[in-house]
Amino acid sequence: MKLFESTGQFVTYAVVLMLIGTGIVLGVGSYTFVYAQGFSYMSDDAAVCANCHIMQDHYDAWIKGSHHAVATCNDCHTPHDFLGKYLMKAINGFNHSFAFTTGYFHEPIQINEMNRRVTEQTCRECHADMVHAIDFAPYHVEPMDCIRCHDSVGHMR
């Protein structure tokens with residue numbers, strides 16, 4: 001018994017199945033984006049970062065921290081160029097959604113290497129004069145990480 005009468009019929013069924021699958025993925029993805037208030041993550045509002053309950057402690061600590069009056073989450077945790085900022089937001093948005101949906105993340109939440117490098121770079125950009133003087137002091141062989149000594153500056157503990 002033949003399942004398909006012609007190659008054309010097979011292609012038609014394959015295309016229909018792909019369109020249905022694509023529709024399901026786009027529908028579920030769109031629903032999730034709207035339900036999770038995805039557009040709010042495009043803003044610089046620091047309160048948005050606390051939408052996930054696990055970030056509430058970090059948000060509360062930022063309010064008490066020394067950078068509260070001068071920097072939001074995006075100022076420290078995303079690159080300062082337009083493309084880099086929104087690319088980082090997209091990567092982190094996907095990673096956070098996946099982690100919180102599956103429950104697969106370390107508690108307390110920890111910064112990963114990519115985000116640590118971005119944060120280090122933003123420290124260096126905002127405090128360039130001071131960092132330059134420290135990095136090129138005669139007793140330093142190579143530049144030190146700001147976060148090594150100042151890990152709680154943005155988030156008072």
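Residue indices begin at 1 and follow the sequence shown.
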Under 4.5 Å between side-chain heavy atoms, counting indirect links through other Ile/Leu/Val/Met/Phe/Trp/Tyr residues: same cluster for Val16 and Ile24 or not?
yes

Show the nearest heavy-atom pair for residues Asp75 and Val70, with the distance to one decimal.
OD2-O, 4.1 Å

Got a second to check how far Tyr86's OH is from Asn74's CG, nearest 0.5 Å?
7.0 Å

Quick one: does Thr122's side chain have a donor or acceptor within less than 3.5 Å of a partner on Thr119's backbone?
yes

For the residue pair Met55 and Ala50, what are the closest heavy atoms and their distance?
CB-CA, 4.2 Å

When rounded to the nearest 0.5 angstrom, what is the spacing between CG in Leu26 and CG in Leu19?
10.5 Å

Which heavy atom of Asn115 sits nearest to which heavy atom of His77, and what is that distance?
OD1-O, 4.3 Å

How long is the gap from CZ on Arg116 to CD on Gln110, to the nearest 0.5 Å?
13.5 Å

Between Arg117 and Glu120, is there a side-chain N and carboxylate O pair less than 4.0 Å apart?
no

Kindly compute the distance separating NE2 (His67) from SG (Cys73), expressed to the nearest 0.5 Å.
12.5 Å

When clusters are formed by joining ILVMFWY residues with side-chain heavy atoms under 4.5 Å apart, either directly or through shared neighbours, do Met18 and Phe10 land in the same one?
no

What I'd like to find out is whether the side chain of Cys123 reaches to under 4.5 Å of the side chain of Val131, using heavy atoms alone.
no

When clusters are formed by joining ILVMFWY residues with side-chain heavy atoms under 4.5 Å apart, either directly or through shared neighbours, do Ile111 and Val118 land in the same one?
no

Smallest heavy-atom separation, Ala71 atom then Cys76 atom, equals CB-SG, 4.1 Å

Just say parallel, tilted or perpendicular for the rings of Phe98 and Phe94, cut-offs at 30° and 60°.
parallel

Any side-chain heavy atom of His80 within less than 4.5 Å of one from Cys126?
yes

Pairwise distance CE(Met88) to CG(Leu83) - rounded to 0.5 angstrom
11.0 Å

